Amino acid sequence: MSEYTSLTPEDLAEMLATIGVASIDELLGAIPDDVRLQVPLNIPAGRPEQEVVAHLRQLAERNTSADDEITFLGGGMYDHYSPALIESIILRSEFLTPYTPYQPEISQGGLQAMFEYQTAISELTGLPISNASLYEGPSAVASAAYMSKLANDRPEFVVSRGLHPHARQTLATVAHGWGGRVVEVDLVNGVTDLTQLADLVGPNTCAVIVQQPNFLGAVEDLSAIAEIAHAAGAVPICSADPLTLGVLEAPGNQGIEICVGEGQTLGNRLDFGGPSFGFLAASAEHMRRMPGRIAGQTADVDGRRGFVLTLQTREQHIRREKATSNICTAQALNALAGVIYLAWLGRQGLPELGELLLQRTAYARTQLAALDGVELLHDQPVVREFAVRLDAPADRVIAACQDRGVNPGLALGHEYPEYENGLLVAITEQRSRSDIDTLVRVLGEVVAEIIGSRTAAGVAG
Amino acid sequence: MSTRTDFAQTAQQREAAVTIFERGAPGRRASMLPEIDVPLQAAEALLPARFRRQEIPRLPEVSEPEIVRHYVRLSKRNFDLDSGFYPLGSCTMKHNPKMHERVAAMPGHSRLHPFQRPERAQGALELMWGLQEALSEVAGLPHVSLQPSAGSHGELAGVLLTRAYHEARGDAREIILTPDTAHGTNPATVTMAGYRVVGVGTNPDGGVDLDDLRSKATDRVACLMLTNPNTLGIFDPNITEIAKIVHDVGATLYYDGANLNAIMGISRPGDMGFDIVHFNLHKSFTQPHGGGGPGSGPIAVSDRIAPYLPVPLVTRTDTADGPVFDLTDDAPQSIGRLRGFQGNYGVFVRAYAYICSLGGEGLRRASEIAVLNANYLRARMREKGIGEYLSSPYEGSCMHEFVLSGGPMKRDLGIRTLDLAKRMLDFGVHPPTVYFPQLVEECLLIEPTETETRETLDAFVEIVAEILAEAATSPEIAQNAPYTTPVRRLDEATAARTPVLRQSFDRE
């Protein structure tokens, strides 16, 4: 057992004497007996470090990680390569162990990293103002919605079904608190139905929210969507995948006013879903409604360039109930990983990676669609993810493929009943042509076997 | 230290801040990507021109050695917990065990996809179940959701749960009470969740003013949000009476877990009458703070709140082959999701490892030593040379943290709490929380935590005594401090008035 403490019996005796009490228990005298815990906590006794490590390893070994199978699983988090230098930098005590930079004179490293991060996010999204990060992607969508509520105080959010299901559900949960409603727009051939969108948007619409590329991997026409929103005075919001923004037009250049997204693909681990970070960038008129921390450049008394947390009159510790958000802790370390990743990938690397994803994804899509019992769910342009429909139960296909060492992707039917037996396939730069060929072979075999057994059963019957 | 204010510049101060965007050269790069190994298709066929990016984002053009040196250099412009004392009140800056990074990095944890099917993520779900059980035990409440991402997110969950609870009974309420000592996140959360804040006063002993509470507790009140021990470091001895007042009007009682490090294994919020508790795994359960995140803010609730917990929920079924874990969305009264996936699992791994290392007894010892260290430091801060300038507004012992008032120091020495804090920076310690809670004049909120040695606490006392002695003859030293940090006092007013929030690329 270790409490990571250093108290010796001599320390204890002398410290109690200094305080002027006989025991630690005496210090706890303010706690009435009837709310004192009279028994020990029912939590197993502490163990030595090596035993804890062994226990955690045993638990880890009962998970099938992205190292244990050839995985094409995506749907919001992706197995992209994270270079070694990220871990080496973010594990430095100076980045890992400080608190939020309340004392800027001794926090210039973290504050400057936030400023660099904000610059990178602003460049990616084509919007001038970025905050210093939010919790993660779907809750960032809800934060953007709350910003637009502060802007126009309208009650209704018109949301594409191409927006991540978790983001739609999170928005519904949070908006219920302030009395907001969520209305969904269907997809047609994989993208937001613009006719239906135009019908649903009106004077009650606070914001229109879409995803780029959307949950089915399809590229949305953001300009057309922003135009519909603007015509009704609603705020156009986009949740974007930052890694695709080397090849896809910047949302800010297409009329989007608030762009948010999930930052996991920028050098962060999968971690079974977190911690990663969410980003949020906006046009200038939304600056003072932004949630979360924002770093700004300034100078010290001697004129040296320096950085501080700024626009703090938006924030909870100053404005309390009038704050633009309750957010206090963000995801500084994950956002640092994000900006290091973007520096590593670099100005040339970002579009190059986009082209690689476009080409490999197109190859995988063509090869899979050629299989018997597999057809495209839509034929829209895609960057790294696409959807197919299987002529076999998707869950069964996935389980059988996994038994052969390949995770073919995500079954869509659970979140999208309209796409029963849909399969969402993600291609990252970590999946080579040879991996894709393995996927095509294994998926083809499994689907053929299931169709074959069904036909055989039909003949027998 | 000389008694002048024109100290020589340090090497770090002479070096101007340069951003990553100002380093490098056109065409330089660090990444080398895999070859395109598939038959090339026409670019226009894959992505029509109208969707294509016209101008490439101006990301840095730097080599790997430049990146490493840049960020290592930046890191040296940060103060951190591993380097020195960090008694930041309400933040629980306890040691972050190094083993936690080792276990969190295991591929079975760090490279597990969140959409992996539950039958292939049994280790992760078992870990989450185990963590839920332990947190439930610490809270004294039977049901736990690990989903919220931070304390503020846990608060939002708690207030939305309160709303769902009242709505299910057809009981619309519009007010949430928060004490005037509350963290700013409490009132901010209340507004976001569509309620109105009404403040409750503090009595002369630092606890909730019961008469004020009684006068404001009506059937329009949905909830009282409380921290106990509160932000003054005081355990409110009237807690059962407070709970009774709140419950008698049908409201819920919410526990802000920011100060849980004082009472683990000693007293449980559930036993005090709280309905909803949030934990800050980055405080009591020692997730590294990362310069402002990541955190994690699980919640524990009573039976009557349980039907509304956010989804997904972890389930456990005992079979002949042992327990089987799963995730379910099947909770018809749930408030719904609060974020993507299952929560900050990487944080859960560290918190779980911490609980395994300490055990129930160790958690209790940690809290006891946190209280001991705070009271010891407080006693020493009352000694001659300090106590007459930094007064203790409340009598009796404190819990894991305590407040001091710099009022006498300001009047007698002419330096403010801000000056004292800034001068501490020259001595290699992080200052306490300052100017919070707001009801204490020139407030300092000091939380030493259990992982600091007695020598560190003694050294801090010496530093404070030295600064105060220095101020007695030369207050201008503290008033202009710091001198040795990478930059000196920064112009925050201009930063807010004319915000520069990103690098400009005028060179292009």
Side-chain angles (χ1 to χ4, degrees), chain A residues 3 15 19 27 30 41 43 45-46 56 59-60 62-67 89 93-94 97-98 100 105-106 108-110 119 123 135 138-139 166 169 173 177-178 269 271-275 296-298 300 305-306 310 316-317 320-321 323 326 329-333 343-344 346-347 349 363 433, chain B residues 17 29-31 37-38 57 59-60 71 74-75 77-82 103 106-108 110-112 114 120 123 149-150 152 184 187-189 193-194 197 235 265 290-295 336-337 339-341 344-346 356 359-360 362 366 376 379 397 453 485 487-488 495 500 502-503:
Chain A
E3 305 107 16
M15 289 167 81
I19 300 167
L27 296 172
L41 286 173
I43 293 174
L56 270 289
L59 290 171
R62 295 178 54 212
N63 299 324
T64 304
S65 81
D67 283 354
I89 293 167
S93 294
E94 298 91 334
T97 70
T100 299
E105 298 88 345
I106 53 167
Q108 285 299 296
T119 304
E123 280 295 310
Y135 306 134
S139 55
H166 293 175
Q169 291 157 18
T173 303
W178 76 73
R269 295 167 171 173
D271 266 340
F272 201 41
Q297 181 177 299
T298 187
D300 79 356
R305 185 188 195 181
T310 193
Q316 48 79 26
H317 61 289
R320 299 179 75 84
E321 68 267 25
N326 69 339
T329 295
Q331 303 288 125
L333 196 68
W344 174 80
R347 188 173 189 169
Y363 174 74
R433 174 178 180 168
Chain B
R29 62 186 296 171
S31 63
D37 51 1
V38 295
L59 293 179
Y71 286 104
L74 272 196
S75 77
R77 294 165 75 85
N78 267 359
F79 181 82
D80 66 288
L81 175 61
D82 285 351
V103 295
M106 290 174 176
S110 66
R111 300 218 352 94
L112 179 59
R120 287 179 175 270
S149 315
S152 51
T189 301
V197 178
F235 191 95
R337 266 187 181 279
R339 54 162 289 162
F341 306 112
N344 283 342
Y345 177 77
C356 289
Y376 174 74
S397 54
T453 63
T485 48
V487 294
R488 298 185 54 215
V500 178
R502 57 157 290 173
Q503 178 95 47

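So that the names make sense, note that chain A is the first sequence line, chain B the second, and so on, each numbered from 1. Predicted, not measured: the structure shown is a model, and the values here were computed from it.
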Keeping the roles fixed (side chain from Ser139(A), backbone from Arg339(B)), state whether a donor-acceptor pair exists under 3.5 Å.
no
Which distance, rounded to the nearest 0.5 Å, do you find between the OG1 of Thr64(A) and the CZ of Arg120(B)?
4.5 Å
Could you grab the distance from atom OG of Ser110(B) to atom CG of Asn63(A), nearest 0.5 Å is fine?
10.5 Å
Among the listed options Val103(B), Leu81(B), Val38(B), Thr453(B), the residue most often paired with chain A at heavy-atom distances under 4.5 Å:
Val38(B)
Give the minimum heavy-atom separation between Gln331(A) and Gly295(B), together with the two atoms involved.
OE1-N, 4.1 Å
Output the option from Gly346(B), Gly194(B), Gly290(B), Ala30(B) having the highest count of non-hydrogen pairs under 4.5 Å with chain A.
Gly290(B)
Report the residues that fulfil side-chain contact (heavy atoms from CB on, under 4.5 Å) with Phe79(B), sequence neighbours left out, ordered by chain and then residue number.
Ile106(A), Tyr86(B), His430(B)
Smallest heavy-atom separation, His166(A) atom then Phe341(B) atom, equals ND1-N, 3.1 Å
Side chain from CB out, backbone as N, CA, C, O: work out which of these in Ala323(A) comes under 4.5 Å of a heavy atom of chain B, or both, or neither.
side chain
Given Gly108(B), Ser397(B), Pro107(B), Ser75(B), the one with more heavy-atom pairs under 4.5 angstrom with chain A than any other is Ser75(B)
Which of Ala30(A), Gly273(A), Pro138(A), Pro275(A) touches chain B most, by non-hydrogen pairs under 4.5 Å
Pro275(A)
Under 4.5 Å from a heavy atom of chain A, the part of Val197(B) involved:
side chain
From the list Ser31(B), Gly360(B), Gly340(B), Ala193(B), the residue making the most non-hydrogen contacts under 4.5 Å with chain A is Ser31(B)
Chain A interface, residue from Ser149(B), Ala495(B), Gly336(B) that has the most non-hydrogen pairs under 4.5 Å
Ala495(B)
Contacts of Asp80(B) that satisfy side-chain hydrogen bond (donor to acceptor under 3.5 Å, both in side chains) - sequence neighbours left out:
Thr97(A), Ser83(B)
Can you tell me which portion of Thr310(A) sits under 4.5 Å from chain B's heavy atoms? Options are side chain, backbone, both or neither.
side chain
Looking at every heavy atom in both Ala332(A) and Gly291(B), which two are closest together, and how far apart are they?
CB-O, 3.4 Å
Which heavy atom of Glu105(A) sits nearest to which heavy atom of Thr485(B), and what is that distance?
O-CB, 3.6 Å
What closest approach, in Å, do Asn78(B) and Gly109(A) show between heavy atoms, and which atom pair accounts for it?
OD1-N, 3.1 Å
When rounded to the nearest 0.5 Å, the distance separating OG1 of Thr189(B) from CD of Gln316(A) is 8.0 Å
May I ask you to name which of Ala366(B), Cys356(B), Ala379(B) has the most heavy-atom pairs under 4.5 Å with chain A?
Cys356(B)
Donor + acceptor pair across side chains of Asn326(A), Ser152(B) (<3.5 Å):
no
Indicate yes or no for a side-chain donor-acceptor contact from Arg77(B) to the backbone of Gln108(A) under 3.5 Å, with no hydrogens or angles considered.
no
Chain B contacts, top residue of Gly110(A), Gly306(A), Ala66(A) (heavy-atom pairs, under 4.5 Å):
Ala66(A)
Engaged part of Ile89(A) at the chain B interface, taking heavy atoms whose separation is under 4.5 Å
side chain
Side-chain (Ser93(A)) to main-chain (Asp82(B)) donor-acceptor, under 3.5 angstrom
no
Are Arg502(B) and Glu123(A) packed together at the side-chain level, in the sense that at least one heavy-atom pair is separated by less than 4.5 angstrom?
yes
Check whether His317(A) reaches the backbone of Gly184(B) with its side chain - one donor and one acceptor, N or O, closer than 3.5 Å.
no
